[in-house]
Amino acid sequence: MKIRILLLCLLLQAHSAWSQTIVRRDPAIEAMAREVSADSLKAYIDKLVSFGTRHTMSSATDPKRGIGAARAWVVQKFREFGRNSGGRMTALEDTTTLRPDGRRVDVPTLLGNAMAVLRGTDPADDRIYIISGHLDSRVTDVMNRTADAPGANDDGSGVAAVIECARILSRSKFPATIIFVAFAGEEQSLLGATYLADQAKQKNWNIDALLNNDIMGSNHSNETNIINNTRLRVFSEGLSVQDTGRALNNLRNLGLENDGRPRQLARYVKEIGERYVDNIEVVLIYRNDRFLRGGDHTPFAQRGYAAVRLTEMNENFNHQHQDLRTEKGIVYGDLAEFMDFEYLRKNTAVNLVSLANLAAAPPVPQEVKVDVRNLTNSTYLYWKAPKTGKPKGYYVLLRETSWPVWQKKFFTTDTNLRLPYSKDNYFFAVQSVDEEGHESLPVVPAVGR
Ligand SMILES: [Zn+2]
């Protein structure tokens, strides 16, 4: 074999059967992660709470109270950060008018997402990465638009993470584009996210990944009384619902029910998040969302995009969707005093390093195939270079069929690799990687004849 195979890394799994090596961190991303500030996050949330309610059908025009004022403030923060971006980051309110739908919208309503777009530096690179949270808040009755609905954690935490990532990432240059968005209408049935996902599909946006952050800043559960600020859940769908008919048969034949695009993204967030952020374990949950509940990543996952939900490990239902009140000594309501801003800092940093690593990386390799022309006990993979960018090389990933995360990474500068591991017993995927070690999302090989 003329190429040198370099066994680069074995993931830092405590339960791994393989020996371990450590992948080096990129000092530039390390420095960005250090900038994430618990104080900034708390300040954003205090400001969001100060608008009284951010219910989707609260006032769109009152300058002090309601979702309109909150949206204007988020856009103003984005514009402020945009001034440090050399004109690359612009902000907008993307609005539409909703008609009453007989369900959770009962009057004509202005629906508006607050967005910032940090344009990539390579005009030929059409990749888009999205980080999102939802701006709207609610109390016990989902139609109550007048009561105070602080929404500090649901979803002030997610919006604060989006704002903080915009602040830090807007100062750096990436070949790909990053979009920061605070959705409206989440509690009224994912309306703002559906609105953007429809536009993305119509305009054929190349969304490579979407990280949705919803409820991620409280460290203790009610009822079971668990306290933990070192674990972050990532919910992902294993099998894309797009896969029907022949595509589904193919997945079945190849046993790829655990390798859909959202699941690959979840593994990526775990690897990169744990690479750069100390004292956090990213926990893969093999579900699109919590049991029978939903979030703003769902309209994107349903349209075939790699979209996942990041959420705290233990939810506290005394402080979620509750009227502000005290009953039998228990304080109900979604207030900042029940949050852990050090935990939120780490969870925000997981988003930041994942986005930075993705947007800095070259695009995925093209036409990745596994050779099946002969029966062999080794595995031969081949692929083509990405559409744009200049990868230094490629990682071929390997894991046992029953293993949750990739176990080995082999580096090559070539566009093919033969490995002494049987495709019957392992899953494989290929990533592009640049000089600084930023890797693309993995691509699972198609059958090559
Ligand atoms: Zn929420």
Side-chain angles (χ1 to χ4, degrees), residues 41 44-45 48-49 51 53-58 67 70-71 74 103-105 111-114 130-145 147-164 180-197 210-222 232-236 285 287-301 307-324 332-336 338-340 343-344 347-348 351:
L41 291 161
Y44 304 146
I45 287 172
L48 288 166
V49 171
F51 296 105
T53 175
R54 304 188 305 279
H55 191 280
T56 298
M57 290 175 292
S58 62
I67 194 165
R71 184 163 45 235
V74 174
R103 295 180 299 147
R104 290 184 170 191
V105 178
L111 180 82
N113 297 328
I130 301 181
I131 176 174
S132 64
H134 70 84
L135 184 62
D136 60 309
S137 63
R138 63 170 284 189
V139 288
T140 307
D141 174 4
V142 70
M143 304 304 281
N144 184 340
R145 67 213 68 182
D148 277 350
N153 197 32
D154 183 12
D155 184 27
S157 62
V159 173
V162 169
I163 295 172
E164 185 68 345
F180 307 85
V181 54
F183 289 120
E186 197 271 351
E187 306 289 6
Q188 311 313 116
S189 301
L190 319 179
L191 302 176
T194 304
Y195 173 60
L196 187 67
L210 179 141
L211 305 178
N212 184 46
N213 293 274
D214 196 352
I215 312 175
M216 60 187 294
S218 156
N219 66 23
H220 61 283
S221 67
N222 63 311
L232 168 68
R233 289 182 293 177
V234 179
F235 285 84
S236 66
I285 307 284
R287 264 200 183 112
N288 176 56
D289 208 323
R290 302 145 308 154
F291 208 84
L292 292 180
R293 290 188 290 157
D296 282 333
H297 59 302
T298 301
F300 292 88
V308 297
R309 177 196 185 110
L310 290 83
T311 296
E312 64 200 23
M313 198 63 216
N314 304 287
E315 286 178 75
N316 192 315
F317 301 108
N318 293 344
H319 308 304
Q320 191 180 126
H321 301 185
Q322 293 279 4
D323 291 335
L324 297 176
Y332 291 88
D334 188 355
L335 298 165
F338 302 114
M339 294 176 64
D340 174 342
Y343 182 43
L344 180 56
N347 295 345
T348 303
N351 279 270

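Just follow the structure's listing: the first ligand is 1, and inside any ligand the first atom is 1. The shown structure was predicted, so the numbers you read here are calculated from the model rather than taken from an experiment.
Closest N/O/S atom of D154 to the Zn ion (ligand 1): OD1.
Under 2.8 Å from the Zn ion (ligand 1) lies no N/O/S atom of D155, from backbone or side chain alike. In summary, D214 places an N/O/S atom under 2.8 Å from the Zn ion (ligand 1), meeting the contact criterion.
Contact detail for S218 and Y343: the closest heavy-atom pair is O-CE2, 3.3 Å.
Using modelled atom types, no side-chain atom of D155 and backbone atom of G133 make a donor-acceptor pair closer than 3.5 Å.
By the 4.5 Å heavy-atom criterion applied to side chains, E312 and N153 are counted as neighbours.
In this pair, H319 and F338 present their aromatic rings parallel. The plane angle is below 30°, not in the 30 to 60° band.
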